[in-house]
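Everything on this sheet refers to the single structure shown next.
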Protein chains: 2
Amino acid sequence: MKVNNEIYDCPVTATLEVIGGKWKPIILYVLMSGTKRFGALSVRIPTISRKVLTEQLRELESDGLLIRRQYKEIPPRVEYTLTPEGQSLWSVFNEMAIWGNNNRRVSQK
Amino acid sequence: MKVNNEIYDCPVTATLEVIGGKWKPIILYVLMSGTKRFGALSVRIPTISRKVLTEQLRELESDGLLIRRQYKEIPPRVEYTLTPEGQSLWSVFNEMAIWGNNNRRVSQK
DNA sequence: CAGTATCCTCGGTGATACTG
DNA sequence: CAGTATCACCGAGGATACTG
């Protein structure tokens, strides 16, 4: 997500630049529970198109938050795993979850 | 920001629904240091148009994060103040700032 | 001073079809 | 299975001018 220009570069906006947007939080959240295949991500997030899922995963990869492993098999297999940097976002998500639970009405899954 | 549909309603996305987007973090951050007038916000965030600033402030107000106080004077004076709920976002921003400082290259103001 | 009112641009997202 | 390619849309955000 294009959050802001360099004038306002600050750690908070830098973080939102990486985890903000419509799909990245849920993708990262799903991957927090461990390595997932492309298809598994697609099943867990059924309303995202494969095109957009691919794009978001590529961005998270180039931001160093996850690793893409492609196995040269038939049928193809591609796995996505959080890097330590990606996993370290847990504390951020946790703080957001606490605030959301305390201050928002959240319907449960 | 339209983050996601109800299927993925979770505390994290609920939080991002409120503080995500291009301008809200910086607006909230500026207001963390105390009540500000419309013009003061505009000066501190010079690249936001007044139209968009107005829109964002209205959304933050209807989300209960800030209070808008209008003084019937000439010239007009309008002040924006964080509610306790808005101020309670400090811990969220703090966690994001820590992560950003540890994991991103951030140019200083 | 603190906004509105209009008009417009652009990029993120979606739908659909195709492929190694 | 895990993608690409193409086309299309829509709405957040921006530019500019006007106002109580």
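Protein chains get the first letters and strands the later ones, always in sequence-line order, with residue 1 at the start of each.
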Mind calculating the distance between [atom1] ([X]) and [atom2] ([N]) to the nearest angstrom?
X: A:R77; N: D:dC1; atom1: CZ; atom2: C1'; value: 11 Å
X: A:K36; N: D:dA2; atom1: NZ; atom2: P; value: 13 Å
X: A:R50; N: D:dG3; atom1: CZ; atom2: C1'; value: 8 Å
X: A:E73; N: D:dC1; atom1: CD; atom2: P; value: 13 Å
X: A:K72; N: D:dG3; atom1: NZ; atom2: P; value: 11 Å
X: B:F38; N: C:dA2; atom1: CZ; atom2: C1'; value: 6 Å
X: A:L53; N: C:dT13; atom1: CG; atom2: C1'; value: 13 Å
X: A:I45; N: C:dT13; atom1: CD1; atom2: P; value: 13 Å

- Which nucleotide in the set D:dC1, D:dG3, D:dA17 lies at the smallest distance from any side-chain heavy atom of A:P76?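 Taking heavy atoms from C-beta onward, the closest nucleotide is D:dC1.
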- Message: Taking the minimum atom-to-atom distance to the side chain of A:T54, which one of C:dG3, D:dG3, D:dA2 wins?
- Response: D:dG3
- Note on the structure: Taken in chain and number order and not counting sequence neighbours, the residues that satisfy salt bridge (charged side-chain N to carboxylate O under 4.0 Å, His left out) with A:E95 are none
Are [X] and [Y] close enough for a salt bridge, meaning some N to O gap below 4.0 Å?
X: B:R50; Y: B:E55; result: no
X: B:E59; Y: B:K24; result: yes
X: A:E85; Y: B:R104; result: yes

- Task: Taking atom types as modelled, find out whether B:W99 and A:S91 have a side-chain donor-acceptor pair closer than 3.5 angstrom.
- Result: no
[N] phosphate, OP1 or OP2, under 4.0 Å from [X] side-chain N/O:
X: A:R37; N: D:dA2; answer: yes
X: A:R58; N: D:dT4; answer: yes
X: A:R68; N: D:dG3; answer: yes

- Query: How would you label the contact of B:Y71 with the nucleic acid (heavy atoms, under 4.0 Å): base, sugar-phosphate, or nothing?
  - Reply: nothing
- Task: Could you check which nucleotide pairs with C:dG20 in any of the strands shown, counting Watson-Crick or G-U wobble with both distances under 3.5 Å?
- Result: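 C:dG20 is paired, partner D:dC1.
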For nucleotides 7-14 of chain D, tabulate all protein N/O to nucleotide N/O atom pairs closer than 3.5 Å, reporting atom names and distance.
from	atom 1	to	atom 2	distance (Å)
D:dG13	OP2	B:Q56	NE2	3.2
D:dG14	OP1	B:K22	NZ	3.1
D:dG14	OP2	B:W23	NE1	3.3
D:dG14	N7	B:K51	NZ	3.2
D:dG14	O6	B:K51	NZ	2.3

- Task: State yes or no: do A:L57 and A:M32 share one hydrophobic cluster built from I, L, V, M, F, W and Y residues joined by side-chain heavy-atom distances below 4.5 Å, directly or via other members?
- Result: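 The answer is yes; both residues are in one hydrophobic cluster.
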- Item | Heavy-atom pair with the smallest gap, counting every atom of B:W23 and B:I26 |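 Nearest pair, atom of B:W23 first, then B:I26: O-CG2, 2.9 Å.
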